[in-house]
Amino acid sequence: MHTTEAQNSEIPLMEVKDLTVEFKQRHGRNLRAVNKASFGLYAGKTLALVGESGSGKSTIVKTLGKLIKIDGGSVALAGKPVKNYRHTFEYRQQVQLVFQDPFASLNPVHTVFHHLARPLLLHGKADKKNVRDKVEELLEKVKLTPAAELANKYPHELSGGQRQRVAIARAIAPNPKVLLADEPVSMLDVSIRLEILNLLDELRQKENLAILYVTHDLTTARHFSSSIIVMHKGDIVESGDTDAIVLAPGHPYTQLLLNSSPKKNLTKEELGKERSERLAGKVSAAMKQSLYTNKGCNFIDRCPYAKEVCTAAPGYFTVGSDNTHKAKCWLYEPNSRQ
Ligand SMILES: Nc1ncnc2c1ncn2[C@@H]1O[C@H](COP(=O)(O)OP(=O)(O)OP(=O)(O)O)[C@@H](O)[C@H]1O
Ligand SMILES: [Mg+2]
């Protein structure tokens with residue numbers, strides 16, 4: 001189906017509503033790794049998902065890639081609800097993943113040709129006669145040339161960047177609509193990260209892909225995405241157009257992410273001390289209590305603006321005049337209850 005640019009920007013190809021994922025823990029309550037996350041992925045657009053380690057980014061990717069189950073909420077692909085949780089052939093064709101570690105995701109005993117021929121044949125994008133040509137076409141798309149030579153190599157004969165290009169070629173082999181890229185360059189040498197991100201960006205345009213780009217790095221998120229969602233402890237704390245988020249971040253956590261430069265390496269004890277000093281100085285007894293009951297804002301113990309109202313969980317409020325820019329923070333409550 002041919003869609004126009006205008007349609008692309010209005011109807012999400014993948015629509016995620018109130019997505020919730022919990023993990024059982026050995027002791028105590030379940031860990032809510034993703035708490036009611038809602039967002040859309042649009043054809044021909046990149047959405048960046050940023051947030052610190054453990055905030056739930058990969059859990060979202062794994063859920064959308066159908067590697068783990070949803071505990072609440074819904075996902076729709078091209079308007080159709082995605083059922084829990086069978087691997088359907090059609091879904092696999094339309095939604096593909098690229099992981100952080102290209103070495104781990106390729107099989108060391110198989111050639112590049114094998115890695116690419118398999119999905120092409122499986123999804124009917126090549127037959128036995130033309131599969132070699134189709135593999136070479138794919139290799140050219142990801143700029144692995146000379147393609148005929150590269151096709152015969154094994155993963156250990158390739159550089160990290162070349163391996164990630166193979167992983168990307170494999171992901172686009174079935175001609176998917178959605179690409180979920182979980183920190184696709186963070187294990188690569190700094191000097192080649194940009195090349196791989198440029199390649200993904202070119203494929204987005206040429207193949208009209210909807211990309212979810214997971215990263216710790218707001219600089220590349222800024223460069224390669226049209227919108228951004230920011231996660232903190234399982235919550236999407238801010239979402240909006242890339243420029244709005246980067247130039248006028250609303251949530252204090254996003255502000256912190258944007259201002260954070262590499263600081264001196266604090267030891268675990270020093271970090272603990274810093275945290276308890278902050279708690280003692282800024283947070284009242286009621287606020288401390290909310291940390292333990294987990295009912296208030298999850299950012300309360302790190303927030304420079306924390307007030308009593310933050311012991312209740314905030315909703316999403318519009319930041320500034322752009323109503324697509326939202327933050328989960330009482331600072332933006334229109335009647336300012338603070
Ligand atoms: N299979 C699992 N079982 C139990 N807990 C899990 C599992 N997978 C993830 N978690 C927990 O869920 C939370 C979110 O993890 P997740 O991997 O999604 O974070 P992330 O944002 O991708 O972090 P990183 O930036 O380090 O990759 C973490 O607290 C993690 O320990
Ligand atoms: Mg992760």
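In each ligand, atom 1 is the first atom listed, and ligand 1 is the first ligand listed.
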Side chain Q162, main chain S159, donor-acceptor under 3.5 Å
yes

Any donor and acceptor pair, going by atom type alone, linking the side chain of Y42 with main-chain N or O of M14 inside 3.5 Å?
no

Charged N-O contact under 4.0 Å between E207 and K141
yes

Heteroatom N/O/S of S58 within less than 2.8 Å of the Mg ion (ligand 2)
yes

May I ask you to check whether H123 and F89 place their ring centres under 6.0 Å from each other?
yes

Hey, are D241 and S227 close enough side-chain-wise for a donor-acceptor pair under 3.5 Å?
no

Please assess E52 against R302 for the test salt bridge (charged side-chain N to carboxylate O under 4.0 Å, His left out), listing each intermediate value before the final yes or no.
CA-CA 14 Å; E52 65 197 3; R302 290 165 73 188; 3.0 Å; yes

Students should find this: residues with any non-hydrogen atom under 4.0 Å from ligand 1. What is the answer?
F23, L31, A33, E52, S53, G54, S55, G56, K57, S58, T59, E183, H216

